[in-house]
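One structure is given below, encoded as structure tokens.
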Amino acid sequence: MVLERLGSSTTLYRAGAIPDRRYSLAAAVPSSSTISRVPDRTRPDKALRIRAAARRLLFQQGPRGLTMDAVAHGAHVSKTTLYALYPSRHELLAAVVADEASRIDVSLGAPPLARQGLVADLERFVFALHGFLAGSRHARLMQAMGQAAPPLRDLRAVYRSGPQRSHERLAEYLRQAQERGLLACGDPQRAAEMLLGMAVGLDLVRAMYRQPSPDRSRQARGDHARRVVGAFVALCSAKMR
């Protein structure tokens, strides 16, 4: 998929929200309402249906609910087809979590040449991350995992394909931004972790205690993204002086 970078973050501010729909990968995966209409003719179609079925199970029942029998039934494919595309349950689990991470960190491509573009990229990233963590799907996942603790191997697969992957992509983005003279934030790994902490805030704790976020509106998420990125960039800019 070719991603087109927005030329200015000013448009984002006028719109009252950060992400541009051209950056979304959600269209690449069929929703539950469209799965039954996808022609069962090619392996890519089947892989999309399988991951869509696995995603529903993961966010409704947690990792324990994602079984190969349940996925095959939900995707309307044979187990032979399922294992041919995903030889193990853990490979499928990792693929589903990686899909979710891709939706969040899709804006972290090659850093732009100007500070304005970098700020817009980071705001889109924080907007998407905050929306996921404050959303109902993540809340259901946390509740399911609390009710039936997943095996350690499942937890590792979720962490490595999700949070760790996003952290690594963000760190690499910041490293390249520093090479281009756009930021001076020191160790990219630590800088990425700091930005993630600023972006997440109390949302993970709220999810653990089943408490709603104060405001989930797009406007509130956009304001949060601008505050977080503004503070982060100001901190990194101060180190350049």
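All values derive from a computational prediction rather than experimental measurement. What's counted below: heavy atoms across the whole structure, side chains too, no hydrogens, waters or symmetry copies.
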Exercise for review: Would you mind reporting whether Arg115 and Val119 have side-chain heavy atoms less than 4.5 Å apart?
Suggested key: yes
Point to revise | Approximate separation, where rounding is to 0.5 Å, of Leu93 CG and Glu91 CD | key: 11.0 Å
Review point. Would a 4.5 Å heavy-atom cut-off, applied to side chains only, mark Val71 and Leu66 as touching?
Key: yes
Practice item. Taking the side chain as every heavy atom from C-beta outward, state whether Leu174 and Phe232 have any atom pair closer than 4.5 Å. Key: yes
Practice item. Mark yes when over 12 heavy atoms from residues, nucleotides or ligands other than Arg137 sit less than 6.0 Å from its CZ; otherwise mark no. Key: yes
Practice item. Report yes if some heavy atom in the side chain of Cys185 is under 4.5 Å from a heavy atom in the side chain of Leu235; otherwise report no. Key: no
Review point. Sub-3.5 Å donor-acceptor pair from the side chain of Gln176 to the main-chain atoms of Ala110, do we have one?
Key: no
Review point. Backbone N or O of Val77 within a donor-acceptor pair of the Thr81 side chain at under 3.5 Å?
Key: no
Exercise for review: Please list, chain by chain and in numerical order, all residues satisfying side chain to side chain donor-acceptor pair (under 3.5 Å) with Arg227, sequence neighbours excluded.
Suggested key: none
Check your understanding: Is the side chain of His130 donor-acceptor paired with the backbone N or O of Ala199 at a distance under 3.5 Å, no angle test?
Key -> no
Check your understanding: Quick one: are Pro87 and Tyr83 in side-chain contact, heavy atoms under 4.5 Å?
Key -> no
Check your understanding: Does any non-hydrogen side-chain atom of Phe125 lie less than 4.5 Å from one of Leu196?
Key -> yes
Check your understanding: Quick check: does any side chain N or O of Gln189 sit under 3.5 Å from a backbone N or O of Asp187, one acting as donor and the other as acceptor?
Key -> no
**Study point:** Side chain Arg180, main chain Pro111, donor-acceptor under 3.5 Å
**Key:** yes
Point to revise | Worked check of salt bridge (charged side-chain N to carboxylate O under 4.0 Å, His left out) between Arg175 and Glu172 | key: CA-CA 5 Å; Arg175 184 191 67 77; Glu172 176 59 20; 2.5 Å; yes
Study note, to complete from the structure: So CE of Met145 and CG of Leu141: to nearest 0.5 Å the spacing works out to 5.5 Å
Check your understanding: Would a distance-only check, ignoring hydrogens and angles, find a side-chain to backbone donor-acceptor pair under 3.5 Å from Arg226 to Glu123?
Key -> no
Review point. Counting only N and O atoms by type, is there a donor-acceptor contact under 3.5 Å from the side chain of Arg49 to the main-chain atoms of His76?
Key: yes
